[in-house]
Amino acid sequence: MNHKNSYYEDVYDLVREVPYGKVTTYGIVADALALGSARMVGWALKQCFGAEPPVPAHRVVNRKGELSGRIHFSTPTIMQELLESEGLKVVDHKILNFEAALWRPE
DNA sequence: GTGATGACGCAGT
DNA sequence: GACTGCGCCATCA
């Protein structure tokens, strides 16, 4: 699963472009990469924890701004803590003022 | 090979 | 606004 030039690398590269304090969604990433399915983004991020350089997977949420992937981190709370450390507000596993924090690739 | 699953998203009800 | 069903497609049993 660690082959170069796989769509995993494309996902990682795009997610690494998300600025500090901003977030993006699975759908936006899938659309930008023409994957055809937002599920593929989740599958890629599920195994991104050994990637180099590291992937800020905590900046990727679902279309409602919910931290649907938090359960896949080392602890269920680390994703929220990372986002809050970047100045975002998270309540009930959702990002407040989500649209203002949303980042889209050019 | 076949069917089920999933860090999702959208249309229909 | 919520709930449901379906499409999506790589991966696993």
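Per chain, numbering begins at 1; letters A, B, ... match sequence-line order. Everything numeric here is computed off the predicted structure, so don't read it as measured data.
Every residue meeting the side-chain contact (heavy atoms from CB on, under 4.5 Å) condition with His93(A), not counting sequence neighbours, appears here in chain and number order: Arg70(A), Gln80(A). Listed by chain and number, the residues in a side-chain contact (heavy atoms from CB on, under 4.5 Å) with Leu88(A) are Val23(A), Leu83(A), Ala101(A) (sequence neighbours excluded). The side-chain contact (heavy atoms from CB on, under 4.5 Å) search around Ser74(A) returns Ile78(A), not counting sequence neighbours. Checked against ring-ring contact (aromatic ring centres under 6.0 Å, His included), Phe98(A) has no partners two or more places apart in sequence or in another chain. Under the salt bridge (Lys or Arg N to Asp or Glu O under 4.0 Å) criterion, Asp31(A) pairs with no residue at all, not counting sequence neighbours. The side-chain contact (heavy atoms from CB on, under 4.5 Å) check on Pro76(A) picks up Ile71(A), with sequence neighbours excluded.
Within the structure, ring-ring contact (aromatic ring centres under 6.0 Å, His included) contacts touching residues 13-56 of chain A (residues at least two apart or in different chains) are Phe49(A)-Phe73(A). Every pair tested for salt bridge (Lys or Arg N to Asp or Glu O under 4.0 Å) that includes a residue from residues 94-106 of chain A fails, sequence neighbours excluded, so the list is empty. Residue pairs meeting the side chain to side chain donor-acceptor pair (under 3.5 Å) criterion with at least one partner in residues 52-63 of chain A, sequence neighbours excluded, are His58(A)-Glu86(A), Arg59(A)-Glu86(A), Asn62(A)-Glu66(A).
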- Note on the structure: B/S/- along nucleotides 3-10 of chain C (protein heavy atoms under 4.0 Å) is ----BBBS
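Of the P atoms belonging to dA4(B) and dG5(C), the separation is 16 Å, rounded to the nearest Å.
In this entry the distance linking CD of Gln47(A) with P of dA7(B) reads 12 Å, nearest Å. Whole-Å rounding puts the Leu45(A) CG to dG6(B) P distance at 17 Å.
Of the residues in residues 61-73 of chain A, those with a non-hydrogen atom less than 4.0 angstrom from any atom of DNA chain B are Asn62(A), Arg63(A), Ser68(A), Gly69(A), His72(A), Phe73(A). For the segment residues 89-106 of chain A, no residue has any heavy atom less than 4.0 angstrom from an atom of DNA chain B.
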- Apply side chain to side chain contact (heavy atoms under 4.5 Å, CB included) to the pair Arg16(A) and Val55(A), showing each step before the final yes or no. CA-CA 6 Å; Arg16(A) 284 192 275 250; Val55(A) 180; 3.6 Å; yes
